[in-house]
Amino acid sequence: MSETTNTAAETKVETTPVAETKAEEKAATVAAKKKGMSVKDLSTLGLLTGVLLLMSFTPLGYFKTFGLDISLMMIPVGIGAMLMGPKAGAWLGFIFGATSFYQALTGGSPFSAMLFSISPLRTFLLCIPTRILMGFLVGVLFKAFHKLDRKKTVCFFLGGFSAAFLNTLFFMGTLILLFWNTEYIQGFNQAFGGLNPFMFVIAFVGVNGALEMPASCIAGGIVAKAVSRTLYKKVV
């Protein structure tokens, strides 16, 4: 009887630390979720915000053309979305969109400035909500890519590509929806020979898409992967 009691007591003593450890781990997980973004996340987010603002005043941000500006602004947005998730992607998308709207407001982009002269409200909807949605969805898609990618490498390049692809998709889709029947856009369309909206998008994006998507895929993928290995080991 005494031996049985001692064994039970020993088992209780042995299992108690294990139970306490599990409870502590669970509490730490819950606390981390409630806490939100870490100092590391906030620092990275601040850095990428600064990069976007700096890029917006250089050809890397907006390379001027007669039509759509060639832009690499989606790359920092995609990197942030992959590293910190959809909410960070949405914030960086907002910064991207705000700088784009600023270009329209100040005449920095002739194309956007003309759209602004037609309708400031529709230009706002074209520039900002589309980029917020793009950044958010890149974060969502990256989580799905990451779960399916066993080697945790291809997912970063898919995330980088999706940033440029979604940016083009949402921007051009909204452009067609809000400005298709305007004389300005129809002037471009007549120069292409009077295309339907779908073919017009393909023709109008042209060189922009050929440059932006590969650049975002490669640069965004390499940088996000490298940063994740050094600062965000949880995603590799």
Side-chain angles (χ1 to χ4, degrees), residues 37-38 40-63 68-101 103 126-149 151-174 205 207-236:
M37 297 188 73
S38 65
K40 178 170 57 180
D41 288 336
L42 290 173
S43 299
T44 304
L45 189 62
L47 176 62
L48 289 173
T49 299
V51 169
L52 282 170
L53 293 174
L54 181 62
M55 285 179 64
S56 69
F57 293 101
T58 70
L60 285 176
Y62 299 101
F63 184 79
L68 291 174
D69 292 344
I70 297 173
S71 175
L72 299 180
M73 294 283 282
M74 77 290 295
I75 295 178
V77 178
I79 292 171
M82 287 188 278
L83 295 177
M84 295 170 285
K87 291 182 180 179
W91 165 256
L92 294 169
F94 167 75
I95 298 299
F96 174 17
T99 63
S100 178
F101 187 68
Q103 294 282 323
L126 176 67
C127 293
I128 296 181
T130 54
R131 273 56 184 268
I132 293 175
L133 182 60
M134 177 271 288
F136 181 85
L137 288 181
V138 171
V140 173
L141 289 174
F142 176 74
K143 287 185 177 182
F145 297 149
H146 186 263
K147 289 180 180 179
L148 296 173
D149 184 9
K151 294 185 178 181
K152 310 304 180 189
T153 297
V154 176
C155 58
F156 290 96
F157 293 95
L158 289 175
F161 175 82
S162 67
F165 177 78
L166 291 176
N167 179 61
T168 300
L169 177 66
F170 293 148
F171 183 88
M172 290 303 300
T174 306
V205 169
V207 177
N208 298 55
L211 292 175
E212 292 174 359
M213 292 184 194
S216 182
C217 175
I218 297 171
I222 291 174
V223 174
K225 174 65 176 178
V227 175
S228 71
R229 294 188 67 176
T230 56
L231 297 180
Y232 292 86
K233 296 181 180 180
K234 60 184 179 181
V235 297
V236 294

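Fair warning: this is a prediction, and the values are worked out from it, not measured in the lab.
- Within the model, atoms OG1 of Thr44 and CE of Met84 stand 5.5 Å from one another, a figure rounded to the nearest 0.5 Å.
- Here the straight-line distance linking atom CD1 of Ile128 with atom OG1 of Thr99 works out to 9.0 Å at 0.5 Å rounding.
- No side-chain heavy atom of Arg131 sits under 4.5 Å from any side-chain heavy atom of Val77.
- The minimum heavy-atom distance linking Leu126 with Thr174 is given by the pair CD1-CB, 3.8 Å.
- Across Cys217 and Phe157, no two heavy atoms sit closer than the pair O-CD2, 3.2 Å.
- Without hydrogens or angle criteria, Ser228 side chain to Ala224 main chain gives a donor-acceptor distance under 3.5 Å.
- Within the model, atoms CD1 of Ile132 and CD1 of Ile95 stand 9.5 Å from one another, a figure rounded to the nearest 0.5 Å.
- Listed here is the closest heavy atom pair of Leu72 and Ala215: CD2-CB, 3.9 Å.
- Taking the six-membered ring where tryptophan is involved, the planes of Phe156 and Phe142 are tilted, since the angle between them lies from 30° to 60°.
- Under the 3.5 Å distance criterion, the side-chain polar atoms of Asn167 are left unmatched by any main-chain donor or acceptor of Met74.
- Nearest heavy atom pair, residue Leu141 against residue Ser162, reads CD1-CB, 4.2 Å.
- A pairwise comparison of heavy atoms in Met134 and Leu166 identifies CG-CB, 3.8 Å as the closest pair.
- Taking both residues in full, the closest heavy atoms of Ala81 and Gly135 are given as CB-O, 3.5 Å, listed atom of the first, atom of the second, then distance.
- Side-chain contact between Leu83 and Val227 is present, with at least one heavy-atom pair separated by less than 4.5 Å.
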Show your working on side chain to side chain contact (heavy atoms under 4.5 Å, CB included) between Leu137 and Phe170 and close with a plain yes or no.
CA-CA 11 Å; Leu137 288 181; Phe170 293 148; 3.6 Å; yes

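- By the neighbour-count criterion of 12 heavy atoms within 6.0 Å, atom CZ of Phe165 is sparsely surrounded, having that number or fewer from other residues, nucleotides or ligands.
- With values rounded to the nearest 0.5 angstrom, Lys225 atom NZ is found 11.0 Å from Thr230 atom OG1.
- Looking only at distances, no side-chain donor or acceptor of Asp69 sits under 3.5 Å from a matching main-chain atom of Tyr62.
- Within the 3.5 Å criterion, the main-chain N or O of Met55 finds a donor-acceptor partner in the side chain of Thr58.
- Shown are Ser71, Pro76, Cys127; of these, the side-chain contact (heavy atoms from CB on, under 4.5 Å) with Phe96 is made only by Ser71.
- Taking CG of Leu48 as the start and CD1 of Ile75 as the end, the distance is 12.0 Å to the nearest 0.5 Å.
- Using a 4.5 Å heavy-atom cutoff, the side chains of Pro86 and Lys143 are in contact.
- Atom CG of Leu133 sits about 8.0 Å away from atom OG1 of Thr130, to the nearest 0.5 Å.
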